[in-house]
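Here the structure is laid out as structure tokens; the discussion comes afterwards.
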Amino acid sequence: MQRATKIVATLGPASCESVMLTRVISAGVDVARLNFSHGAATEHQAIAQRVRAAALTANREIALMADLQGPKIRLGKFANGTVKLKAGHSFTLDAQCEMGDATRVGLDYKELPREVKPDDVLLLNDGRIVLTVKCVAGDEVHTVVKIGGELSDNQGINRQGGGLSAPALTDKDKTDIQAAVALGADYIAVSFVKSAQDDKDCLNRIFTRIDQTIAMGALFTACHLGAKAIIALTDSGATALSMSRHWIGVPIYAFTPRLASQRAMMLYRNVIPLHLGLHDDIDEAVDDALQMLVSKDLAVSGDIVVMTAGQPMGRPDGTNMMKIVKIDETYSKQITD
């Protein structure tokens, strides 16, 4: 069964050994996430090697994601190590406080009082504790506890909706980026941010790149023709990425000769990346892609498939043409421009 949603699995002590890795990859994991908040670079390198070996055993390609720790604004320390905040009680975040208690605590980010305002919602301890800002007075942020709980030394703090201007990358992050590149990560992430764009905005938008225009045209055509699938012959995966941003319910099969592009596309929504050898002739590439689709029982005689490609082939961001293909009984094609 084809699915649009991709599965990202964070690897930990229980899932980073070879046997378990093979099992989770065989079960359908698309992206293996290495959490650089914990562990040394050598440990991540070893896990990455086991992931690649397990993928080979499972006869699947998956992507590796190195997730950096990133900036984290933290509270100071408490005199007793921990406190318990109760809903409805007042609590102060004080940039000048050296040792906290049940009424206030210090901050490692001294600019926080300048970046929040009344009614802002602050999240502590990964969102388990919620504070509402009442007012800001000098270096003090006065809040009311909305959701209470136990709070301990140096736990993280953030504002609901983001927007705090702490440094984008720490020194540790810069070192971890070098380690991630060395182990062959397909993605380097700091956080997941959704950038939504509705269909009306897409229709009203003027595109400046031909490949993006072709991608949107293929989505529109496939939707209104009731196509069985979209085939994107792509080198870099850029066309498939453009298509993945809009949901039409038609699967997108992205054929590429590049292993790095195949792995990167594992994270694209509704995109199924497949390897297709290098071709100089576009008609041969189209034939081979259709034969592979039919051989995998992803299309049958009579199905309509919308295809995108670039001429000449092999150029990054070179998609410049679209074809509508109807598969006949002998798995050859009839093309209507």
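- The distance from the CD1 atom of I230 to the CD1 atom of I248 is 4.0 Å, given to the nearest 0.5 Å.
- With salt bridges taken as basic N to acidic carboxylate O contacts below 4.0 Å, one links D67 and R33.
- Using a 4.5 Å heavy-atom threshold, the side chains of V286 and L290 count as touching.
- For the pair E115 and R159, the salt-bridge criterion is not met [side-chain N within less than 4.0 Å of a carboxylate O].
- The pair D30-R269 does not meet the salt-bridge criterion, since no charged nitrogen lies less than 4.0 angstrom from a carboxylate oxygen.
- For the pair R114 and D139, the salt-bridge criterion is met [side-chain N within less than 4.0 Å of a carboxylate O].
- Between I147 atom CD1 and T132 atom OG1 the span is 9.0 Å, to the nearest 0.5 Å.
- Under the 4.5 Å side-chain heavy-atom criterion for grouping Ile, Leu, Val, Met, Phe, Trp and Tyr, I7 is not connected to M65 through any hydrophobic cluster.
- Tested against T319, the residues L233, D211, T213 include a single side-chain contact (heavy atoms from CB on, under 4.5 Å) partner, D211.
- Taken to the nearest 0.5 Å, the CE atom of M307 stands 9.0 Å off from the CE atom of M321.
- In this structure, H44 and F36 have parallel ring planes: the angle between them is below the 30° cut-off, well short of the 60° mark.
- When side chains are defined from C-beta on, S244 does not count as touching N270, because their heavy atoms never get closer than 4.5 Å.
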